[in-house]
Amino acid sequence: MEERECFYDRFHFEVIGGHTLDSSVLYFQMGNDTYCITGDECYFCDNMDKDIPIGISVCGEKNERFIRKAHERGWIPLPFHDAGILKRYDRLTENIVRMC
């Protein structure tokens, strides 16, 4: 069973269930780009950019499927664990960046 919801016709919430049974992601489009707040389904931008599963999961197949799908579609990862994201975008403050 797939669990998906769309909020405000913009934010797509999806339970992946790879890292933990209820782990989920939130993705949305801005212009021609799709951004994905990855939660624990993707720790580092390299996971999506280079199609590398996280390796720590209750269901490796689900995590691999999500990573592959996001990689193939060119989604832009917004992981919680990768401080390198602060270097990808213009900083507004020490810990806040502007994506667009």
Side-chain angles (χ1 to χ4, degrees):
M1 174 176 76
E2 292 185 12
E3 295 183 65
R4 298 178 191 190
E5 289 289 331
C6 182
F7 299 95
Y8 306 107
D9 295 324
R10 180 178 194 89
F11 300 101
H12 302 272
F13 175 85
E14 183 175 349
V15 176
I16 304 300
H19 177 66
T20 64
L21 294 176
D22 297 327
S23 58
S24 55
V25 300
L26 182 76
Y27 52 97
F28 56 95
Q29 282 192 292
M30 291 181 67
N32 293 326
D33 296 319
T34 299
Y35 292 87
C36 184
I37 299 172
T38 63
D40 283 340
E41 286 295 336
C42 172
Y43 297 142
F44 299 100
C45 293
D46 274 357
N47 291 116
M48 283 172 119
D49 293 343
K50 297 180 180 177
D51 195 14
I52 304 169
I54 60 172
I56 302 169
S57 56
V58 297
C59 184
E61 291 175 12
K62 289 181 179 179
N63 178 255
E64 287 179 35
R65 187 170 40 244
F66 163 71
I67 294 288
R68 187 174 311 110
K69 172 182 160 181
H71 173 76
E72 289 173 353
R73 294 181 180 187
W75 291 356
I76 299 168
L78 300 173
F80 296 148
H81 299 285
D82 191 347
I85 201 156
L86 296 171
K87 296 176 184 175
R88 285 188 169 200
Y89 303 100
D90 294 332
R91 283 188 186 222
L92 298 176
T93 69
E94 182 179 350
N95 297 303
I96 299 174
V97 296
R98 179 189 335 254
M99 297 179 311
C100 55

Going by the salt bridge (charged side-chain N to carboxylate O under 4.0 Å, His left out) test, which pairs reach into residues 87-100, not counting sequence neighbours?
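Salt bridge (charged side-chain N to carboxylate O under 4.0 Å, His left out) check on residues 87-100 returns Asp49-Arg88.
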Suppose the criterion is salt bridge (charged side-chain N to carboxylate O under 4.0 Å, His left out): which pairs have a residue in residues 51-64, not counting sequence neighbours?
Glu64-Arg68
Within the 4.5 Å heavy-atom criterion, are Phe11 and Cys6 side-chain neighbours or not?
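Counting from C-beta outward, Phe11 and Cys6 never come under 4.5 Å.
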Can you tell if the side chain of Lys69 reaches within under 4.5 Å of the side chain of Trp75, non-hydrogen atoms only?
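They are in contact (side-chain heavy atoms under 4.5 Å apart), so the answer is yes.
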For residues 76-86, which side-chain N or O atoms pair as donor and acceptor with protein atoms under 3.5 Å away, sequence neighbours left out?
unit_1 : atom_1 : unit_2 : atom_2 : d
His81  : NE2    : Asp40  : OD1    : 2.7
Asp82  : OD1    : Gly84  : N      : 2.9
Asp82  : OD2    : Cys45  : N      : 2.9

Do the side chain of His19 and the main chain of Ile56 share a donor and acceptor less than 3.5 angstrom apart?
yes
Would you name the heavy atoms of Gly18 and Ser57 that are closest together and state the gap between them?
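Distance-wise, the nearest heavy atoms are O-CB, 2.9 Å.
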State the CE-CD1 distance between Met48 and Ile67, to the nearest 0.5 angstrom.
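So the gap between those two atoms works out to 6.0 Å.
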Going by chain and number, the hydrophobic cluster around Leu92 (ILVMFWY, side chain to side chain under 4.5 Å) further includes Ile96
Contacts table for residues 25-39: side-chain donor-acceptor under 3.5 angstrom, sequence neighbours left out:
unit_1 : atom_1 : unit_2 : atom_2 : d
Tyr27  : OH     : Glu14  : OE1    : 3.2
Thr38  : OG1    : Cys42  : O      : 2.9

Report the residues that fulfil side-chain hydrogen bond (donor to acceptor under 3.5 Å, both in side chains) with Asn47, sequence neighbours left out, ordered by chain and then residue number.
none
